[in-house]
Amino acid sequence: MHSLNDRQYEAVKHIETPALVLAGAGSGKTRVITEKIAYLIREHDVQAHNIYAVTFTNKAAKEMKERVMKLLKDLNSKGLNVSTFHNLGLNILRQEYKALGYKPNFSIMDATDSGQILKELMHKQNLDPEVLDGVQWDISNWKNAQTSPQTALEQAEDAQQQARALLYQAYQKQLHAYNAFDFDDLIGMPVKLFAENPDILEKWQNKVRYLLVDEYQDTNATQYNLVKQLVGIQARFTVVGDDDQSIYAWRGAQPENLAMLKEDFPALKLIKLEQNYRSSNRILQSANALISNNPHVFEKKLWSEMGLGDPLRVIACSNENQEAERVVSEIIVHKFKHRSKNKDYAILYRGNHQARLMERSLREQNIPYVISGGKSFFDHAEIKDIMSYLKLIVNPDDDAAFLRIVNTPRREIGASTLEKLATYATGRGISLFDATQEFGISSVLSEKALKRVQFFGQQLLDWAQKADSIEGEEVTSFIRQLIETLEYDNWIHETASNVKTAEKRINNVRELTLWIERIIKKATEEDGEDKRLDKIVSHMTLMDMMERNESDKEHDMVSLMTLHASKGLEFPHVFLIGMEEEMLPHKQNMESPGLEEERRLAYVGITRAQHTLTMTYANKRRKYGEDMTCDPSRFLEELPQDNLKWEGKPGVVVSQEEKLEEGNAHLSNLKSFLKK
């Protein structure tokens, strides 16, 4: 701890009362959490398995755990709980499912599965499927606000709201019938469980001797309740957050949770981390000035020992095409002059659609790039197929998985047969799999259809019974045998458009089995645990939901990403494009409180930069098929003008000599680069 600054040291050592560490961008908040975990174990003899640290991404949790392991070295850190909120919730549900009326081996439904359930329910209730996205959004909001279906129904103000609340009610019943939870339930159900079962809550409060929460400004109402329940009256906790980086209101995040802590825990100690270890002072002064326009419960000012740094550049472009070309040209020139790498540069934007022209310009100059949010490994059809088999084997009540793979590979079980099977299952209140096992199904299916359905049902039963009795390395052998029995490789060759595509898809399936093998090996080596198939499936389903955009691979590529995706990252050189009114701030958020969140987004973008920051805007942009005049973002005017170097500022006349000099410099550098 010798290299901690005074404020970080204070935050690590304070354990007498609950603590709120207000950590500015780049101020070393992760270090405070990891050092505090090590301090609790080393100096206060708190057992590792009684310390719980939670954050929002698997990547952050993994990094945190690795850093703690390095700090502790030879001390016993076995059983340390570092996870996401959702993994913590899943862990609670795995142990307490009986109290909620669930069976073991429950499924976790992703957004696609949930959408399918809702689609079927809407069809039954003759509701317009076009509103599906809105319904899923409403249900998620209700769950995150701890609003039960009954309360949603009572609060409905018109027929449409009443229909949505009834759909919510039916959806929850259907989930329970499928022995499944959705993503929001992973937090909501533990909160409900603890509220209704004081004895179970007490058991968990005894387990959680100290709780640390990262990115606290991103918590929603349900997550805040879970924290309050787990810490109880002992209130042994530290939360770390930054209200200026709260940019997820659209998914329920409540930065006011930071202020509420003081009301709920009067003994709360506030510690501010204001020294930044990432950026030059010009960047930080600009960020401070911008965010000072937002109302604050807690005031803070970032500062750095890294010197004043270069001015922030603002470049006006004639249109979006010139903006893309100019940014790429700037990267080429800067890279040539400073011998930097592609991965030192990031292009940040408000909306995904802004990436298209940037991609085109980068491709034309043969500059490799990566877009955050590309196609997930789990989005491939072959991975969805195998995962659906595994989900169904560990939870035969998972109808979404059943419907996906009942004819993959083809079993000649037609749509008419499936409709009859589903009608029978619904009438009996059982799953599709259970329906295949009942004698009564013979009364609704033809002899040929019955034979096929029962054969498939028996296959599933055999697989499920075998999977239930194996663990560790046997699980990998079982999965490989399953893929072989299905003749899945042949199925891919039959359905693929060409041999090359087929081989690529088969390799994806191989990668999936190798990945499962690595998960099992790691669990055995690190935790001495032989993983069972149900735990592997739960783990991978969460990975699918939470790590679609995360990658451990290092590539020398320019990064393209939205401002939302950039949070927590840093780059030597940042280009923040589209700094225009109605772009940033976005046209839907031009009034409070949306405007404050847009300003926080711009603040996040500025504080990603370590050495240089270039902001661009277009004087005209093509919208709705015609060229529309754009105004520079108001946020540019809120920055300290002494720190900015404008190029093409409205009302500022640039001499012909200056223009010529700038153009010749670019041309000369580009020629040198191309010669090289």
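For this chain, numbers begin at 1 and follow the sequence in order.
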Q: In terms of side-chain geometry, is the basic nitrogen of E570 or R608 positioned less than 4.0 Å from the acidic oxygen of its partner?
A: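 No, this pair does not count.
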Q: Which atom pair, heavy atoms only, marks the closest approach of V604 to L563?
A: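 Taking every non-hydrogen atom into account, CG1-O, 4.0 Å.
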Q: Between Q285 and P640, what is the shortest heavy-atom contact and its length?
A: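 Heavy atoms of Q285 and P640 come nearest at O-CG, 4.0 Å.
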Q: Which pairs pass salt bridge (Lys or Arg N to Asp or Glu O under 4.0 Å) with one or both residues in residues 361-370, sequence neighbours excluded?
A: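 For residues 361-370: E359-R363.
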Q: Would you say the side-chain atoms of R7 pair up with the backbone N or O of L273, donor to acceptor, closer than 3.5 Å?
A: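 Checking the backbone N and O of L273 against the side chain of R7, no donor-acceptor pair under 3.5 Å is found.
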Q: More than 12 foreign heavy atoms under 6.0 Å from NZ of K341: is that the case here?
A: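 No, because the 6.0 Å sphere around NZ of K341 holds 12 heavy atoms or fewer from other groups.
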Q: Under 3.5 Å, side chain of S361 to main-chain N/O of M358, donor-acceptor pair present?
A: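 No, because the side chain of S361 does not come within donor-acceptor range (under 3.5 Å) of the backbone of M358.
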Q: Can you tell me how far the CG atom of D344 sits from the NZ atom of K335, to the nearest 0.5 Å?
A: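 Going from CG on D344 over to NZ on K335, the span is 9.5 Å.
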Q: Looking at D242 and K300, is any side-chain nitrogen of the basic one under 4.0 Å from a carboxylate oxygen of the acidic one?
A: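 Salt bridge between K300 and D242, a charged N being under 4.0 Å from a carboxylate O: yes.
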Q: Considering only heavy atoms from C-beta outward, does the side chain of N352 approach that of T562 to under 4.5 Å?
A: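 Yes. Closest side-chain heavy atoms under 4.5 Å.
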Q: Whether the side chain of Q245 engages the backbone of D218 through a donor-acceptor N/O pair (distance < 3.5 Å, no angle test) should be reported.
A: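 It does not hold such a pair.
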Q: Between the side chains of T219 and N257, is a donor N or O closer than 3.5 angstrom to an acceptor N or O?
A: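 There is such a pair between these side chains.
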Q: Show the numbers, then the answer: is there a salt bridge (Lys or Arg N to Asp or Glu O under 4.0 Å) between E330 and R326?
A: CA-CA 6 Å; E330 290 285 338; R326 181 60 190 272; 2.8 Å; yes
Q: Considering non-hydrogen atoms only, spot the tightest contact between N589 and E598 and give its length.
A: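 Closest approach of N589 to E598, heavy atoms only: ND2-OE2, 2.8 Å.
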Q: Considering non-hydrogen atoms only, spot the tightest contact between L636 and P632 and give its length.
A: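 In this case the closest contact between L636 and P632 is CD1-CB, 4.1 Å.
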Q: Would you mind listing every salt bridge (Lys or Arg N to Asp or Glu O under 4.0 Å) that reaches into residues 612-621, with sequence neighbours excluded?
A: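 Those involving residues 612-621 are E323-R621, E580-R621.
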Q: Looking only at non-hydrogen atoms, find the nearest pair between I283 and T612 and report the distance.
A: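 Heavy-atom minimum between the residues: CD1-N, 4.4 Å.
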Q: Check E581 with R634, please: is the shortest side-chain N to carboxylate O separation under 4.0 Å?
A: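 E581 and R634: salt-bridged.
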Q: Output the distance between atom NE2 (H14) and atom CG (L20), rounded to the nearest 0.5 Å.
A: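 Here the interatomic distance stands at 10.5 Å.
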Q: Take E299 and K272 through the salt bridge (Lys or Arg N to Asp or Glu O under 4.0 Å) test and state the conclusion after the steps.
A: CA-CA 9 Å; E299 294 291 340; K272 296 181 189 179; over 6 Å; no
Q: Pairing donors with acceptors under 3.5 angstrom, does anything connect the side chains of K207 and N50?
A: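 Note: K207 and N50 side chains miss the donor-acceptor criterion.
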Q: Of all residues at least two apart in sequence or in a different chain, which pass the salt bridge (Lys or Arg N to Asp or Glu O under 4.0 Å) check with R282?
A: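 R282 satisfies salt bridge (Lys or Arg N to Asp or Glu O under 4.0 Å) with no other residue.
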Q: Measure from the side-chain N and O atoms of K262 to the backbone N and O of L268, and report whether any donor-acceptor pair falls under 3.5 Å.
A: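 Between the backbone of L268 and the side chain of K262 there is a qualifying donor-acceptor contact (under 3.5 Å).
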Q: Before accepting this row, confirm whether a basic side-chain N of the pair E43/K13 lies closer than 4.0 Å to the acidic partner's carboxylate O.
A: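 Result for this pair is no, no salt bridge flagged.
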Q: For residues F85 and N87, determine if any side-chain heavy atom of one lies less than 4.5 Å from a side-chain heavy atom of the other.
A: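 Side-chain contact under 4.5 Å: no.
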Q: Say you draw a straight line from CG of L560 to OG of S566; how long is it, rounded to the nearest 0.5 Å?
A: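 So the gap between those two atoms works out to 12.0 Å.
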Q: Verify, without hydrogens or angle tests, whether K36 (side chain) and A11 (backbone) share a donor-acceptor contact under 3.5 angstrom.
A: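 Yes, K36 side chain to A11 backbone: donor-acceptor pair under 3.5 Å.
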Q: Assess, by modelled atom type and distance only, whether the side chains of R236 and T17 contain a donor and an acceptor separated by less than 3.5 Å.
A: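 Not at all, the side chains of R236 and T17 share no donor-acceptor pair under 3.5 Å.
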Q: Holding to salt bridge (Lys or Arg N to Asp or Glu O under 4.0 Å), I want the full list of residues that pass it with E582, two or more places apart in sequence or in another chain.
A: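 Counting only residues at least two positions away or on another chain, E582 forms no salt bridge (Lys or Arg N to Asp or Glu O under 4.0 Å).
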Q: Looking only at atom types and distance, does a side-chain atom of N294 sit under 3.5 Å from a main-chain N or O of I291, one as donor and one as acceptor?
A: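 Such a contact is absent between N294 side chain and I291 backbone.
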Q: Counting only N and O atoms by type, is there a donor-acceptor contact under 3.5 Å from the side chain of T222 to the main-chain atoms of N144?
A: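 Between the backbone of N144 and the side chain of T222 there is a qualifying donor-acceptor contact (under 3.5 Å).
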Q: Regarding Y224 and D264, is there a side-chain donor-to-acceptor distance under 3.5 Å anywhere?
A: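 Yes - a donor-acceptor pair under 3.5 Å links their side chains.
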Q: Does E16 CD have over 12 foreign heavy atoms under 6.0 Å away?
A: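 Yes, CD of E16 has more than 12 neighbouring heavy atoms, counting only those of other groups under 6.0 Å.
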Q: Let me see the working for Y210 and T238 under side-chain contact (heavy atoms from CB on, under 4.5 Å), right down to the final yes or no.
A: CA-CA 8 Å; Y210 204 91; T238 294; 2.7 Å; yes
Q: Go through F265 and K228 one step at a time and tell me if the side-chain contact (heavy atoms from CB on, under 4.5 Å) criterion holds.
A: CA-CA 10 Å; F265 302 95; K228 278 207 300 181; 4.2 Å; yes
Q: Using the rule given for side-chain contact (heavy atoms from CB on, under 4.5 Å), can you reason through V54 versus S83, listing the C-alpha separation, both sets of side-chain angles and the distance that settles it, and then say yes or no?
A: CA-CA 5 Å; V54 289; S83 71; 4.2 Å; yes
Q: Whether R67 and E35 form a salt bridge (side-chain N of Lys/Arg under 4.0 Å from carboxylate O of Asp/Glu) is what I want to check.
A: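 R67 and E35: not salt-bridged.
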Q: If you draw the axis of the six-membered ring of F336, does the NZ or CZ of R339 fall within 45° of it and under 6.0 Å from the ring centre?
A: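 That pair qualifies as a cation-pi contact.
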Q: I'd like to check L270 versus V21 (side-chain heavy atoms, cut-off strictly below 4.5 Å). Are they in contact?
A: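 Not in contact.
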Q: Is the shortest distance from a Lys or Arg side-chain nitrogen in K567 or E215 to a carboxylate oxygen in the other one below 4.0 Å?
A: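 Salt bridge flag = yes for E215 with K567.
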Q: Short question: side chain of N643, backbone of L639 - any donor-acceptor pair under 3.5 Å?
A: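 Checked: no pair found.
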Q: Given 3.5 Å as the limit, does a donor-acceptor pair link the side chain of S279 with the main chain of A609, or not?
A: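 Checking the backbone N and O of A609 against the side chain of S279, a donor-acceptor pair under 3.5 Å is found.
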Q: Measure the CD-CG distance between E637 and L644 for me, rounded to the nearest 0.5 Å.
A: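 One gets 9.0 Å once the value is rounded to the nearest 0.5 Å.
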Q: Quick one: does Q223's side chain get under 4.5 Å of H86's, heavy atoms only?
A: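 Answer yes - side chains close enough.
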Q: Apply side chain to side chain donor-acceptor pair (under 3.5 Å) to S633 and R350, showing your working.
A: CA-CA 12 Å; S633 170; R350 177 65 177 85; over 6 Å; no
Q: Any idea how H564 and Y248 line up, ring-wise: parallel (<30°), tilted (30 to 60°), or perpendicular (>60°)?
A: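 The rings of H564 and Y248 sit tilted, inter-plane angle from 30° to 60°.
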Q: Decide yes or no for I187 and L88: does some side-chain heavy atom of the first lie under 4.5 Å from some side-chain heavy atom of the second?
A: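 Heavy-atom side-chain distance check fails, nothing below 4.5 Å.
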Q: With distance as the sole test, does E274 use its side chain to make a donor-acceptor pair with the main-chain N or O of K301 at under 3.5 Å?
A: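 Yes, the answer is positive, given that a donor and an acceptor are paired below the 3.5 Å cut-off.
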Q: According to ring-ring contact (aromatic ring centres under 6.0 Å, His included), does anything in residues 567-586 pair up with another residue at least two apart or in another chain? List the pairs.
A: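 Residue pairs with at least one partner in residues 567-586: H334-H573, Y345-H573.
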Q: What distance do N619 atom CG and N319 atom CG have between them, rounded to the nearest 0.5 Å?
A: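 The distance works out to 9.0 Å.
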Q: Over all heavy atoms of both residues, which pair between A25 and R278 is shortest? Give the atoms and the distance, please.
A: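 Residues A25 and R278, closest heavy atoms: CB-NH1, 4.0 Å.
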Q: Would you say the side chain of V68 lies within less than 4.5 Å of the side chain of K65, judging by non-hydrogen atoms?
A: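 Heavy-atom side-chain distance check fails, nothing below 4.5 Å.
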Q: Any chance you could measure Q254, atom CD, to D243, atom CG, to the nearest 0.5 Å?
A: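 These two atoms lie 14.0 Å from each other.
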Q: Determine which pairs satisfy ring-ring contact (aromatic ring centres under 6.0 Å, His included) with at least one residue from residues 278-323, sequence neighbours left out, and list them in order.
A: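 As it turns out, there is no ring-ring contact (aromatic ring centres under 6.0 Å, His included) pair with a partner in residues 278-323 once direct neighbours are skipped.
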Q: Heavy-atom distance under 4.5 Å between the side chains of Y216 and L258, does that happen here?
A: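 Yes, close enough: below the 4.5 Å cut-off.
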Q: For the residue pair L576 and T616, establish whether any side-chain heavy-atom pair is separated by less than 4.5 Å.
A: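 No, side chains not in contact.
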Q: Between the side chains of N288 and Y603, is a donor N or O closer than 3.5 angstrom to an acceptor N or O?
A: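 Short answer, no.
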